[in-house]
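Here the structure is laid out as structure tokens; the discussion comes afterwards.
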Amino acid sequence: MDTKMTGWGILVALLVATASGAVDAKTMGIEKSAFGKTAEGEAVDLYTLTNGSGMRVGIMTYGGIVVSLEVPDRDGNSADVVLGFDTLDGYLGESPYFGALIGRYGNRIANGRFRLDRKKYKLVQNNGPNTLHGGTKGFDKRVWSAKPIREDGSVGLRLRYTSADGEEGYPGTLKCTVTYRLTEDNGLKIDYLAETDKATPINLTHHSYFNLAGHDAGSILGHEMMIAADTFLPVDDTQIPTGKLRSVADTPFDFREPKAIGVEINADYDQLKFYPGGYDHCHVLRNQDGDLALGARVADPKSGRVMEVYTTEPGVQFYSGNFLDGVAGKGGAVYYERFGFCLESQHYPDSPNQPAFPSTILKPGQQYTSTTVYKFSAE
Ligand code: BGC
């Protein structure tokens, strides 16, 4: 900045910067801009949150999607660490749930069916015989209403969506509020809240594909992963949990001590062979109390970026981006298999059909709450 600038000059410069949509990464702030329209003509807004500590996140009202997440490395250089598209059109097309809020039920429900209070429900089957991530038009494809929030130590965005009774086959009008907060200490905190007027399954999660070296940096196999889980849920050949909890000991699923994601991803092991692309399983977290606890930690040795995942959920789906097949992404990047990983905090897949799993049924008069924090640092 011109050192001869007067106080008024600085003020004007700041106002111009704000009006032009530029965000100063050194100050905490929220900017809103138009991001296009859905096929039905609904306007979509993009909110850019800056925390004054080097992080910036772009979240749009379509799907509550995190479209960008800038995080400093060990030298203070920022990179966008989530896969995605440059424009709304990319997300309206065939997006593999990049950055999205997932609901009403994250992951799979077997054969798109469940029974509740002696009634049979039939869902939209959008993944072979199963229902995946809420159905054909899940929460990731809905436009949420948004309200910026400013609090001590964070800036945020409160998103609301009401899912109609019968939507995608699910019972009950479900009122959902998801609050994203970008905190001064470099956390992206997500609080989920929901209420229903009829009993319904619910399992909300967030589906960012991370690459801590940068969204365009290629393979994530060198990232070092720790997952605070002693067991995981083996699946059948349509990726539905068998119902058994299997110990991670002596399996490629043992991430109790940090190890590179790639070390055993190609191992000759039944659970990796079903879907030859790699990991796509729910890990049963040690913490089952509903308190916020460390569930996973991932470090990229090259950039030094570290991401810790704290959650109140009993499980986390670790998905190693197996089905990425040359997706044309942001800034000309092309995403192939294992170029991004997801850590989706959640209850277990297919819980509505598996009475031994922790319940995912929300009843009228109850409140569904869930919190997950993606916390960034560098080493
Ligand atoms: C699932 C994968 C699925 C992916 C969709 C993950 O949560 O576990 O099986 O292919 O989402 O992109």
Side-chain angles (χ1 to χ4, degrees), residues 15-25 27-51 55-71 78-103 133-134 136-150 154-163 176-182 188-190 192 204-211 214-216 327-335 340 342 374:
L15 289 175
V16 169
T18 310
S20 67
V23 184
D24 178 356
T27 54
M28 202 174 254
I30 308 177
E31 298 283 332
K32 178 184 174 184
S33 56
F35 201 58
K37 285 197 170 134
T38 65
E40 296 79 34
E42 281 178 285
V44 175
D45 293 321
L46 174 68
Y47 287 84
T48 306
L49 316 182
T50 319
N51 71 347
M55 264 186 74
R56 184 173 12 211
V57 56
I59 303 168
M60 67 160 152
T61 52
Y62 178 78
I65 291 174
V66 169
V67 299
S68 62
L69 183 63
E70 289 167 47
V71 181
S78 269
D80 181 358
V81 299
V82 290
L83 278 54
F85 301 107
D86 287 322
T87 62
L88 179 61
D89 276 352
Y91 293 95
L92 297 178
E94 292 251 320
S95 171
Y97 304 93
F98 281 152
L101 292 179
I102 304 295
H133 295 333
T136 311
K137 192 166 178 184
F139 293 5
D140 59 297
K141 295 179 185 66
R142 308 280 172 176
V143 177
W144 296 59
S145 70
K147 193 169 159 251
I149 49 175
R150 290 177 174 79
S154 72
V155 281
L157 194 64
R158 181 153 293 140
L159 297 169
R160 288 205 162 88
Y161 173 67
T162 298
S163 168
C176 299
T177 305
V178 178
T179 307
Y180 282 105
R181 283 186 182 84
L182 183 60
L188 179 65
K189 182 173 189 222
I190 315 176
Y192 305 84
L204 304 182
T205 190
H206 174 78
H207 210 298
S208 273
Y209 287 67
F210 298 98
N211 185 327
H215 76 95
D216 53 356
V327 181
K330 288 186 270 194
V334 182
Y335 308 130
C342 304
Y374 295 97

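What's counted below: heavy atoms across the whole structure, side chains too, no hydrogens, waters or symmetry copies. Note that the coordinates shown come from a computational prediction; the quantities given were computed from them, not determined experimentally.
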TODO: Work out which heavy atom in Ala79 is nearest to a heavy atom in Gly214; give both atom names and the distance.
DONE: CB-CA, 4.2 Å
TODO: Compare all side-chain heavy atoms of Met55 with those of Glu70 and state whether any distance is below 4.5 angstrom.
DONE: no
Task: Taking every non-hydrogen atom, the tightest pair across Ala43 and Val143 - done: O-CG1, 4.0 Å
Open item on the list: With a 4.5 Å cut-off on side-chain heavy atoms, are Leu159 and Thr177 touching?
Closed with: no
- [ ] Rounded to the nearest 0.5 Å, what's the gap from CG on Leu101 to CD1 on Ile65? Could you check?
- [x] 8.0 Å
- [ ] Drop me the distance from Ile190's CD1 to Ser208's OG, to the nearest 0.5 angstrom.
- [x] 7.0 Å
TODO: Kindly indicate whether the side chain of Val66, heavy atoms from C-beta on, has any atom under 4.5 Å from the side chain of His206.
DONE: yes
- [ ] Start with the C-alpha distance between Tyr161 and Phe139, add both sets of side-chain angles, then the distance that settles ring pair (Phe, Tyr, Trp, His ring centres under 6.0 Å), and finish with yes or no.
- [x] CA-CA 8 Å; Tyr161 173 67; Phe139 293 5; 5.2 Å; yes
- [ ] Would you please indicate if the ring centroids of Phe35 and Tyr62 are separated by under 6.0 Å?
- [x] no
Task: Gap separating the CG atom of Asp45 from the CD1 atom of Ile59, nearest 0.5 angstrom - done: 13.0 Å
Task: Atom pair CG (Asp89) and NZ (Lys37), whose distance is rounded to the nearest 0.5 Å - done: 13.0 Å
TODO: Tell me, please, which residues at least two apart from His133 pass side-chain hydrogen bond (donor to acceptor under 3.5 Å, both in side chains).
DONE: His207
Open item on the list: Before you tell me yes or no, could you show the steps for Ile149 and Leu157 under side chain to side chain contact (heavy atoms under 4.5 Å, CB included), namely the whole-Å CA-CA distance, both residues' side-chain angles and the distance that decides it to 0.1 Å?
Closed with: CA-CA 6 Å; Ile149 49 175; Leu157 194 64; 5.9 Å; no
Task: For Asn51, the option from Leu188, Thr27, Leu182 that meets side-chain contact (heavy atoms from CB on, under 4.5 Å) - done: Leu182
Task: Which atom of Ala100 lies closest to which atom of Asp140, heavy atoms considered - done: CB-CB, 3.4 Å
Task: Output field: ring centroids Tyr47/Tyr180 closer than 6.0 Å - done: no
Task: Rounded distance [0.5 Å steps], OG in Ser68 versus CG in Asp86 - done: 10.5 Å
Open item on the list: Strictly distance-based, threshold 3.5 Å: is any side-chain N or O of Arg160 a donor or acceptor partner for the main-chain N or O of Val178?
Closed with: no
Task: Close side-chain approach of Arg150 and Ile30, heavy atoms under 4.5 Å - done: yes
Task: Heavy-atom check, side chain of Cys176 versus side chain of Tyr192, under 4.5 Å - done: no
TODO: Evaluate the criterion ring pair (Phe, Tyr, Trp, His ring centres under 6.0 Å) for residue pair Tyr335 and Phe98; output intermediate values, then yes/no.
DONE: CA-CA 11 Å; Tyr335 308 130; Phe98 281 152; 5.7 Å; yes
Open item on the list: Looking at every non-hydrogen atom in both residues, tell me the closest pair between Gly90 and Ser95 and how far apart they are.
Closed with: O-CB, 4.3 Å
TODO: Kindly state whether the ring of His215 and the ring of Phe210 have centres lying under 6.0 angstrom apart.
DONE: no
TODO: Supply the atom-to-atom distance Thr205 OG1 to Tyr97 OH, rounded to the nearest 0.5 angstrom.
DONE: 13.0 Å
- [ ] State, yes or no, whether a side-chain contact exists between Leu88 and Met60 at a heavy-atom distance under 4.5 Å.
- [x] yes
- [ ] Taking the side chain as every heavy atom from C-beta outward, state whether Leu46 and Val67 have any atom pair closer than 4.5 Å.
- [x] yes
Task: Non-hydrogen side-chain atoms of Thr38 and Val44 separated by less than 4.5 Å - done: yes
Open item on the list: Which residues pass the side-chain hydrogen bond (donor to acceptor under 3.5 Å, both in side chains) test with Thr179, not counting sequence neighbours?
Closed with: Arg158
Task: Candidate pair Met28 and Thr50, rule side chain to side chain contact (heavy atoms under 4.5 Å, CB included), full reasoning - done: CA-CA 5 Å; Met28 202 174 254; Thr50 319; over 6 Å; no
Open item on the list: Check this for me: does any side-chain nitrogen of one of Asp80 and Lys330 sit under 4.0 Å from a carboxylate oxygen of the other?
Closed with: yes
